[in-house]
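All heavy atoms count here, side chains included; hydrogens, waters and symmetry mates do not. Each chain gets a letter, A, B and so on, in the order its sequence line appears, and its residues count up from 1.
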2 protein chains.
Amino acid sequence: MDQIIAPVITVDQVDVGPLHGNLGFLLRMAQLQVYEDFYADLGEYGLKPGEFSVLTLIYKNPHIRQGVLARRLMIKRAHMTKLIRVFEDRGHVSRTIPDEDRRAVELELTADGLKFVETNWDRFYGHEKAQTPRLTPAEEKQMLGLLRKFVDLEQGDAQ
Amino acid sequence: MDQIIAPVITVDQVDVGPLHGNLGFLLRMAQLQVYEDFYADLGEYGLKPGEFSVLTLIYKNPHIRQGVLARRLMIKRAHMTKLIRVFEDRGHVSRTIPDEDRRAVELELTADGLKFVETNWDRFYGHEKAQTPRLTPAEEKQMLGLLRKFVDLEQGDAQ
DNA sequence: GTATATTTGTTTACATGGAAACATTACAAA
DNA sequence: TTTGTAATGTTTCCATGTAAACAAATATAC
């Protein structure tokens, strides 16, 4: 007796339903894909996106306070404490408690930290170019602009 | 003797440098903001974005296999195992091992799971509307289209 | 001035998610 | 067949990130 077998759904047949128009879902997927590319390229150097962002902001804003850094990168203070401790242990970042406000902590790159950032700068920020072009250059520019507006980072131009 | 005090950097004065044009960074920031809104609205109901996505896909694709679901949502198989176990314990999802391939697991909503999805559908997918409009409707539509193209989900229409 | 509230960073305990090794089943080669 | 290889899901261990309670310093109210 023949049996009716339900067809097996393959990945590209999956009906994502309303997720098709869901911003949170699409942002998450996009981010995962970008990170995947990132690690495929740079994983071997032990560079991580979040860590390098932190160092970049300290590099660009010496004496920035830990809480300001955390808010700007949307990293929780509790987590920032741990991140900074690692950098301090590596000798890449120094912490100073300012006299004006002895609750705060001001951050600075050490000489080693500076060297690390500068030698890895291109490897890190030149990275986007290498990717498989999922969007045309015009589309990518458009998307970056929309994202900046979305996250309220429209002011000023890039480095 | 007067002392020269270095000006304290505030959040909106932070120079983000090349992160200004960095896709990974902007995507991450955008995603964090969307999730923040989401939890502000729906946190009290105990709904989580990832969980509801899983249920939605099982709802829209009954008998989908666990691995297919994982790949589509870019969730690692190891993690999917844990997610599905929770749904099973809650009585929202049932697992079946098909005869055609006894390694696989096919997923289905239980009656309770179906009820849960349907009663929470609007609360979940009607959510985007309520947000502070960071983008105009036209810009939002544009962004969704670009994101879909970016993540290769262009085919088909929503819902 | 003193009391209260807020800000800043840390600690601790927990939640979320991934990597690697594994067991089982299916497939391919000979 | 049987022998090796790949696919599927699970387990264990670890990394990343958050929540809540806390300590210290500052700001605010009276």
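- You'll find that the side chain of Arg65(B) is closest to dG9(D), out of dG9(D), dG17(D), dA19(C).
- The base of dG9(C) sits within donor-acceptor range of the side chain of Arg77(A), with an N or O pair under 3.5 Å.
- Residue order along DNA chain C, read from the 5' end via each residue's closest nucleotide, puts Arg95(A) first among Arg102(B) and Arg95(A).
- Contacts of Ala78(B) with the nucleic acid, taken as non-hydrogen atoms under 4.0 Å apart, include base atoms.
- Listed nucleotides dG17(D), dT25(C), dG18(C) differ in distance to Asp101(B); the shortest reach to its side chain belongs to dT25(C).
- Proximity note for Gln66(A) (side chain, C-beta onward) versus dG17(C), dG9(C), dT8(D): the nearest is dG9(C).
- Nearer to the 5' terminus of DNA chain D, by closest-nucleotide assignment, is the contact made by Ala104(B) (compared with the other of Leu83(A) and Ala104(B)).
- A ring-centre distance under 6.0 Å is not found for Phe25(A) and Phe52(B).
- If you take CE of Met80(A) and P of dA19(D), they are 15 Å apart, rounded to a whole angstrom.
- For dT18(D), its base sits under 3.5 Å from the side chain of Lys82(A) at one donor and acceptor pair at least.
- The distance from atom CD of Glu106(A) to atom P of dT8(C) is 13 Å, rounded to the nearest whole Å.
- Side-chain proximity of Lys48(B) to dT8(C), dT16(C), dT11(D): nearest is dT16(C).
- Between Arg134(B) and Asp37(B), at least one side-chain nitrogen of the basic residue sits less than 4.0 Å from a carboxylate oxygen of the acidic one, meeting the salt-bridge criterion.
- The base of dT7(C) sits with one of its N or O atoms less than 3.5 Å from a complementary donor or acceptor on the side chain of Arg103(A).
- Looking only at distances, a side-chain donor or acceptor of Asn61(B) sits under 3.5 Å from a matching main-chain atom of Leu57(B).
- Remark: aromatic rings of Phe116(A) and Trp121(A) are distant, center separation not under 6.0 Å.
- Both Gly67(A) and Arg28(A) lie near DNA chain C, and the one whose nearest nucleotide falls closer to the 5' end is Gly67(A).
- For Tyr35(A) and dG17(D), the OH to C1' distance is 13 Å, given to the nearest whole Å.
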